[in-house]
Amino acid sequence: MAFLANALSRVKPSATIAVSQKARELKAKGRDVIGLGAGEPDFDTPDNIKAAAIDAINRGETKYTPVSGIPELRKAIAAKFKRENNLDYDWQQTIVGTGGKQILFNAFMATLNPGDEVVIPAPYWVSYPEMVAICGGTPVFVATTIENGFKLQPADLEAAITPKTKWLMFNSPSNPSGAAYSEAELKALTEVLMRHPHVWILSDDMYEHLTYGDFVFTSPAQVEPALKDRTLTMNGVSKAYAMTGWRIGYAAGPMELIKAMDMIQGQQTSGACSIAQWAAVEALNGTQDFIPKNKEIFRGRRDLVVSMLNQAKGIQCPVPEGAFYVYPSCAGCIGKTAPSGKVIETDEDFVTELLETEGVAVVHGSAFGLGPNFRISYATSEEQLEEACNRIQRFCAALR
């Protein structure tokens, strides 16, 4: 359609949203569908956070807020970075957006010119390359391997950097793979970045609090303080605090960048929801006691899913260090014939046939830039996960 912008030709719809929509449609038709596509905790928002929102309503905190967020929340964000990440930011070096997506989008909008490149390790969250493309930049993908735990290797990062590189888009723990970088692994990457002073780091720490076992989370500017002046560290309350619908993301970084993002947001949405911001103040400043409890539940689910998937014929599932996803390979199923008679040629064929045959909705790995794999979100009950994995085992056993 000639009326629409040319930029739309560079952008694809979100595959994760599409899978959830397809699952909903099949459920509406009476199909028994287990949806494992959405990256959303199944826990309710903690009561102290909900109470803070109600208090804010009762106090009349229902007016427009400053574009970059209420001072109380920005100060809570600065305190969080100091307390948990040993990163010193003035509260005016922080910004609040309507979810992490807006933070990322505004950062790219504020910095990218046509021809600028953004290095994105694959597999990647589906929205990263689309945001870069909308903002006029060029995504540069660097493949990882299942053997390396889906982690970017220093030599591969070095090879991907050109004079046009503006950002490294870094996500640990990762959506979709759950891969998380140890301090030593991160140090090896920051050493590469230190050799390329024109490259900035956009660190998406959204799954920071969801790591398992003895793993200790670190962020790039924490590991290499000399990178702090060219790092935007992004986070939010969606995952650890089970506040996906509240839509609060935040970041801290160099003042010049924060001011540019503020200017863009001022012409875009202005401030985020006032009530949600006050709830986020309580999330960051209040009790954190529920986080370890939720983590332990997630860890049990992870272990169940990994164990059962590795018992499925043709499936290989590594153990992720964080987030609430697994990213198994279905390479052993490619070339086989499904019960419907369809030959499975791609991971998209695999997940389509799995949904049609067994009613299990997962997301194909090629949507995240690396296949043949698929992503499962284990942010649902063990009962549902066990049933879903039984169905996956049955589906794989039926392939010929």
Any salt bridge between [X] and [Y], counting N to O under 4.0 Å?
X      : Y      : result
Asp88  : Lys82  : yes
Glu296 : Lys293 : no
Asp32  : Arg391 : yes
Lys166 : Glu117 : no
Arg10  : Glu130 : no

For this session: Kindly indicate, with the supporting measurements, whether the criterion side chain to side chain contact (heavy atoms under 4.5 Å, CB included) is fulfilled by Ile34 and Leu36.
Result: CA-CA 6 Å; Ile34 300 175; Leu36 304 178; 3.9 Å; yes
Exercise. Can you name the residues that form a side chain to side chain donor-acceptor pair (under 3.5 Å) with Lys151, not counting sequence neighbours?
Worked result: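 Side chain to side chain donor-acceptor pair (under 3.5 Å) check on Lys151 returns Glu185, Glu321.
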So do the side chains of [X] and [Y] get within less than 4.5 Å of each other, counting heavy atoms only?
X      : Y      : answer
Leu73  : Tyr250 : no
Phe368 : Val363 : yes
Ile70  : Val281 : yes
Leu354 : Val362 : yes
Val119 : Val142 : yes
Val96  : Ile248 : yes
Leu232 : Ser203 : no
Thr211 : Pro173 : yes

Under 3.5 Å side-chain donor-acceptor pair for [X] and [Y]:
X      : Y      : result
Trp167 : Thr111 : yes
Trp246 : Thr45  : yes
Asp205 : Ser219 : yes
Thr144 : Gln153 : no
Ser340 : Glu356 : no
His209 : Gln288 : no
Thr98  : Gln102 : yes
Asn86  : Gln222 : no
Asn85  : Glu208 : yes

Look up atom [atom1] in [X] and atom [atom2] in [Y], then write down how far apart they are to the nearest 0.5 Å.
X      : Y      : atom1 : atom2 : result
Gln93  : Ser68  : CD    : OG    : 12.0 Å
Gln311 : Gln393 : CD    : CD    : 5.5 Å
Phe108 : Leu202 : CZ    : CG    : 5.0 Å
Met206 : Ser174 : CE    : OG    : 13.5 Å
Gln21  : Ser14  : CD    : OG    : 11.5 Å
Cys330 : Ile344 : SG    : CD1   : 8.0 Å

Exercise. Who are the ring-ring contact (aromatic ring centres under 6.0 Å, His included) partners of Trp125, not counting sequence neighbours?
Worked result: Tyr128
Any side-chain to backbone donor/acceptor pair from [X] onto [Y]? Under 3.5 Å, distance only.
X      : Y      : result
Asp303 : Gly300 : no
Thr190 : Lys187 : yes
Ser270 : Val67  : no
His198 : Thr162 : yes

Problem set entry | Face-on cation placement of Arg59 at Trp278 ring, 6.0 Å and 45° thresholds |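 Here Arg59 passes the 6.0 Å and 45° test against Trp278.
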Exercise. Is it true that the NZ or CZ of Lys228 lies under 6.0 Å from the centre of Tyr89's six-membered ring and within 45 degrees of the ring axis?
Worked result: yes
Exercise. Is the distance between the ring centroids of Phe43 and Phe298 less than 6.0 Å?
Worked result: yes
For this session: For this output row, return yes or no: ring centroids of Tyr207 and Phe217 closer than 6.0 angstrom.
Result: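 No, too far apart.
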Exercise. Which is it for Leu168 and Leu152 under the side chain to side chain contact (heavy atoms under 4.5 Å, CB included) test, yes or no, and what are the steps along the way?
Worked result: CA-CA 11 Å; Leu168 165 65; Leu152 177 64; 4.2 Å; yes
Contact summary for [X] and [Y], nearest pair of heavy atoms:
X      : Y      : value
Tyr325 : Pro320 : O-CG, 3.3 Å
Ile315 : Asn310 : O-OD1, 4.1 Å
Pro220 : Leu186 : N-CD2, 3.8 Å
Ile103 : Ala251 : CG2-CB, 3.6 Å
Ser182 : Thr218 : C-OG1, 4.4 Å
Pro123 : Pro176 : CB-CG, 3.6 Å

For this session: Report the C-alpha distance between Asp42 and Arg301 in whole Å, list the side-chain angles of each, state the deciding distance to 0.1 Å, and finish with yes or no for salt bridge (charged side-chain N to carboxylate O under 4.0 Å, His left out).
Result: CA-CA 12 Å; Asp42 58 324; Arg301 294 171 177 179; 2.9 Å; yes
Does a sphere of radius 6.0 Å around [atom1] in [X] hold more than 12 heavy atoms from other residues, nucleotides or ligands, not counting ones at 6.0 Å or beyond?
X      : atom1 : value
Asn113 : CG    : yes
Asp47  : CG    : no
Glu183 : CD    : no
Met263 : CE    : no

For this session: Take the angle between the ring planes of Tyr212 and Tyr378 and call it parallel below 30°, perpendicular above 60°, tilted in between.
Result: tilted
Exercise. Which class fits the ring pair Phe141 and Tyr124: parallel under 30°, tilted 30 to 60°, perpendicular over 60°?
Worked result: parallel
Problem set entry | Linked, directly or transitively: Ile334 and Phe395 (ILVMFWY side chains, under 4.5 Å) |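 Cluster IDs for Ile334 and Phe395 match.
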Exercise. Is it the case that one hydrophobic cluster holds both Met194 and Leu157, taking links as side-chain heavy atoms less than 4.5 Å apart, direct or via other members?
Worked result: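 Yes, because Met194 and Leu157 connect within a single hydrophobic cluster, where side-chain heavy atoms sit under 4.5 Å apart.
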For this session: Given ring pair (Phe, Tyr, Trp, His ring centres under 6.0 Å), test Tyr327 with Phe374 step by step and report yes or no.
Result: CA-CA 6 Å; Tyr327 199 67; Phe374 58 99; 8.3 Å; no
For this session: Check the pair Gln265 / Thr269 against side chain to side chain donor-acceptor pair (under 3.5 Å), numbers first and verdict last.
Result: CA-CA 6 Å; Gln265 191 163 307; Thr269 58; 4.5 Å; no
Problem set entry | Shared-cluster residues of Val216, by chain and number - hydrophobic side chains joined below 4.5 Å |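 Direct or chained contacts put Val216 with none.
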